[in-house]
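Have a look at the structure below, then the notes.
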Protein chains: 2
Amino acid sequence: MTEGWKATDNRKISESTIHRLSHYYRTLSVLEREDYETISSRELARREKLTPAQVRKDLSFFGSFGTRGLGYPVKDLRAKIANILGIDRAWNVALIGVGNIGSAMVSYKEFVKQGFAIKLLFDNDQRKIGSNHKGIIVHDMRDLEKELKAKKIDIVMIAVPATVAQNIVDDVVRCGIRAILNFAPVKLKVADNVFYRSENMAMELEYLSFALVNLANRSGGKKLDKDSTNS
Amino acid sequence: MTEGWKATDNRKISESTIHRLSHYYRTLSVLEREDYETISSRELARREKLTPAQVRKDLSFFGSFGTRGLGYPVKDLRAKIANILGIDRAWNVALIGVGNIGSAMVSYKEFVKQGFAIKLLFDNDQRKIGSNHKGIIVHDMRDLEKELKAKKIDIVMIAVPATVAQNIVDDVVRCGIRAILNFAPVKLKVADNVFYRSENMAMELEYLSFALVNLANRSGGKKLDKDSTNS
DNA sequence: CCTTTCTTGTGAAAGGTTTCACAACACTGG
DNA sequence: CCAGTGTTGTGAAACCTTTCACAAGAAAGG
């Protein structure tokens, strides 16, 4: 399951729209703290380095939240986006693989802040099983199904070596999990009724490397923002 | 600087193409280890869950590497992609912020494997400065410019709290760095002659959350792969 | 050397996303 | 209650990416 939801009126909602919504949400949180009452698409776009039309189109997939002549009510819009993204509730997350990256994720405060609580840890290293990370006990992989069910886990994060990641994701899917975030540097195959995302840090560095090589070769080629729409 | 390079004949190369190249590179590495001589776009596409046309089009931006009737020579194509991505050389990377995520990155083997060597660490916590992580000394942020120049750093990774990330990225750019990978959960503003990428784990979870909510609401809407092209 | 089979490379078509442009509406001030 | 200004919501246009479809070339087998 890669992409492809429909708005109320059947227009297709792209992955990019969802990611921008996440950004709007963060910006609106800041604005709310700064006591803004309303914000225009123009100002929101300026802060996000987008066009005002883009902002309006993104929001329009989900309804009309603004007032002509005035803009969008900051507080309401933020709540509405939280609802659309599903982060107005608590999600139970399990993490498999308590290595370097896994440990970092346990301590990562941004997750909790957005409603993602890591409730379960797994590893198959006997030395780690039973140990305590930030108050969470590391369980044996053999208890996977039992524990996932008991703790009502919604989302599983996978931070294991690339070589075993596919086996583990297969197990996880077999336990009925429908949403997986993968940190192993491999592309995993999942049934298409499972939501799957992958975070690949090395690939982002490769993109930068490509950019640097092309910058050096041509020493030009830079793309300017076309649509600053500064106020 | 966000996107926008041109192929030899001026066709535009998209971000997606570069990311797919990274994937092809990994698959070709596996194939080479398994002693494959050649691979067809059809087979490569099957492994990547893409269409053969997509694979051929991606490669065609950079030249014609295949032989009609035969396919692509695995070894040569891998080398060629490594060259396109710029990972056929060593890049010097510095990491700022030796907290949870920073520490994980220091130990992340995939970087070294792809030619990205972390050569420098920075922090502004006096307790961390001078300490040793995997053989690399943590430097004071005050020595930023001196050390970046001395170690000929190409790429800087930023793993500091969101609140200070913008200041740090400004400093880094002032030191002449042109490529930045950000792990802080904020969108940073950089001049458009700087290559910038951001890794935001919380945003990926939000995408999964959105997917789960929409799955629950509609219980349908899944998108099947259209183009399996199985052999 | 000819026929068959295979697979690339690529214009053209289809499909998707972003931007434009403007009608519709809301508020303000006279 | 009307004119002026500001901003949304949205079809249509522009732009970008993917897929199709096929000519061109390569190998194999007679």
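Below, chains carry the letters A, B, ... as their sequence lines are ordered, and counting in each starts from 1.
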Does OP1 or OP2 of [N] have a side-chain N or O of [X] closer than 4.0 Å?
X	N	value
A/Ser16	C/dT17	no
B/Arg56	C/dG9	no
B/Arg20	D/dT18	yes
A/Ser41	D/dT7	no
B/Thr67	C/dT8	no
B/Tyr72	C/dC6	no

Side-chain donor-acceptor pair under 3.5 Å between [X] and [Y], yes or no?
X	Y	value
B/Asn200	B/Glu204	no
B/Lys119	B/Asn92	yes
A/Asn100	B/Tyr108	no

Options [options], nucleotide nearest the side-chain atoms of [X]:
X	options	answer
B/Ala53	D/dG9, C/dT17, D/dC20	D/dC20
A/Ser40	D/dT7, C/dT17, D/dA26	D/dT7
B/Lys57	C/dA12, D/dA21, C/dT17	C/dA12

May I have the distance from [X] (atom [atom1]) to [N] (atom [atom2]), rounded to whole angstrom?
X	N	atom1	atom2	value
A/Arg46	D/dT7	CZ	P	13 Å
B/His19	D/dT17	NE2	C1'	16 Å
B/Arg42	C/dG9	CZ	P	16 Å
B/Lys12	D/dT18	NZ	P	11 Å
A/Ile18	C/dT17	CD1	P	11 Å
A/Phe62	D/dG9	CZ	C1'	15 Å
A/Leu50	C/dT17	CG	C1'	13 Å
B/Ile13	D/dT18	CD1	P	13 Å

Checklist line | Heavy-atom donor-acceptor pair, B/Trp91 side chain to B/Ile118 backbone, under 3.5 Å | finding: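 Answer holds: no.
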TODO: Check for a donor-acceptor pair, side chain of A/Asp76 on one end and backbone N or O of A/Lys80 on the other, with a separation under 3.5 Å.
DONE: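 The answer is no, because no donor-acceptor pair under 3.5 Å joins these two groups.
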- When we call it a touch if two heavy atoms are under 4.0 Å apart, what does A/Thr17 touch: a base, just sugar-phosphate, or nothing?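 It contacts nothing in the nucleic acid.
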Task: DNA chain C: 5'-proximal contact among B/Ile39 and A/Gln54 (nearest heavy atom) - done: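 The residue whose closest nucleotide sits nearer the 5' end is B/Ile39.
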| request: Kindly confirm or rule out a cation-pi arrangement of B/Arg56 over B/Phe62, judged by NZ or CZ under 6.0 Å from the six-membered ring centre and within 45° of its axis? | output: no
Can you see whether B/Tyr72 has B/Arg42 sitting over its ring - NZ or CZ less than 6.0 Å from the centre and within 45° of the normal?
no
| message | Counting only heavy atoms not in A/Lys75 (residues, nucleotides, ligands), do more than 12 fall under 6.0 Å from its NZ? | response | no
Contacts under 3.5 Å, N or O only, protein and nucleotides 2-6 of chain D:
from, atom 1, to, atom 2, distance (Å)
D/dG6, N2, A/Gly69, N, 3.3

